[in-house]
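So the structure is just underneath, and the comments pick up after that.
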There are 2 protein chains.
Amino acid sequence: MKTQLKKGVLEMCVLALLEQHDSYAYEIVSTLADSVEMSEGTIYPLMRRLQNDGLVSTYLVESDAGPPRKYYRLEAKGLETLQAMKSEWSGFLAEVNKIVGANKS
Amino acid sequence: MKTQLKKGVLEMCVLALLEQHDSYAYEIVSTLADSVEMSEGTIYPLMRRLQNDGLVSTYLVESDAGPPRKYYRLEAKGLETLQAMKSEWSGFLAEVNKIVGANKS
DNA sequence: ACAGGTACTTTGCTATGCAAGGTACCTTCT
DNA sequence: AGAAGGTACCTTGCATAGCAAAGTACCTGT
């Protein structure tokens, strides 16, 4: 899958997942990897960014298998950002599809 | 408009325009700028890439206003690439929309 | 003890878009 | 003639974000 297409979109996907329930990086990658193909090298810097921007907060939870998990929770600012991203995304989609004439429902 | 979203997509848009009719860089920017917002600093390196990859060929045409225009014509390989890109794009779309649940018709 | 799964993290690389600057030609207005 | 503004080309340097690869550490099963 083309790397470039994902630029900027993965962030939105991660936020969307966190909107449903708190999660930790490793789980997020496992989930998204099925559909969008992403790797660990991508997620950790991304999560750091989200945290630095105050979109998510974290808390540690002991795991019975492996090291403790760093859970991420979507914060209010993160939800706002997610919604802004969604509307930007669907606007962008519309424009691009107008140009390339891709009208797959 | 978010820069990152365009990564990889602009190339497809340019090829899609060239599928309709030959064009030159300045005109392409003018056209696309309305919907996707792009600048000259983006198009010239991009066109160079397309040419180097053998997706387009060029020919010069004198202009009655300004320097000669470098027209680009979509080649067979470019058309193939465009079609591959389109299918990759709509596949990617589907996956992302499944995740973010953006069902705007 | 070793293999393998879980989970975290960092380093260096790559691709692409963009702002800013530059060149040059033509027309129009002063 | 000179200045301004549109057309059209091009390059340099920067910022961003994804990824492969490597490393650490913990736990379970063989």
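Everything numeric here is computed off the predicted structure, so don't read it as measured data. All chains are named by letter (A, B, ...) in the order of the sequence lines, taking the proteins before the strands, and each is independently numbered beginning at 1.
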- Message: Below 30° counts as parallel, above 60° as perpendicular, anything between as tilted: where do the rings of A/Phe92 and B/Trp89 land?
- Response: perpendicular

- Would you call A/Arg49 and A/Glu11 a salt bridge, using N to O less than 4.0 angstrom? yes

- Considering only heavy side-chain atoms of A/Arg69, the closest of C/dT9, D/dC10, C/dT6 is C/dT6

- Query: Once you round it to whole Å, what is the distance between C1' of C/dC8 and OH of A/Tyr71?
  - Reply: 14 Å

- Using atom CG of A/Leu60 as one end and atom P of C/dT6 as the other, report the distance to the nearest whole Å. 19 Å

- Query: For the pair made of CZ in A/Arg48 and P in C/dT11, what is the distance, rounded to whole Å?
  - Reply: 11 Å

- Message: Can you measure A/Glu62 atom CD to C/dA7 atom C1' for me and round it to whole angstrom units?
- Response: 12 Å

- Message: Donor-acceptor pair, distance only, cut-off 3.5 Å: does the side chain of B/Lys77 make one with the backbone of B/Asp53?
- Response: yes

- To the nearest Å, how far apart are A/Asn52 CG and D/dT16 P? 13 Å

- Task: Find the distance A/Met47:CE to D/dG18:P and express it as a whole number of Å.
- Result: 12 Å

- Using a 4.5 Å cut-off on heavy atoms from C-beta on, say whether the side chain of B/Tyr72 contacts that of B/Val14. no

- Query: Taking only side-chain nitrogens and oxygens of B/Tyr44, does any of them come within less than 4.0 Å of OP1 or OP2 of D/dC9?
  - Reply: yes

- Does B/Tyr59 reach the side chain of B/Asp22, with side-chain heavy atoms less than 4.5 Å apart? yes

- Message: Do the side chains of A/Glu88 and A/Lys86 get close enough for a salt bridge, i.e. N-O under 4.0 angstrom?
- Response: no

- Message: If the cut-off is 4.0 Å, is A/Tyr24 near the phosphate of C/dA7, judged by side-chain N/O to OP1 or OP2?
- Response: yes

- Message: Please report the distance, rounded to the nearest Å, between CD1 in A/Ile43 and P in C/dC8.
- Response: 10 Å

- Per-nucleotide protein contact string for nucleotides 13-24 of chain C (B base, S sugar-phosphate only, - none; heavy atom under 4.0 Å): --SBSBBB----

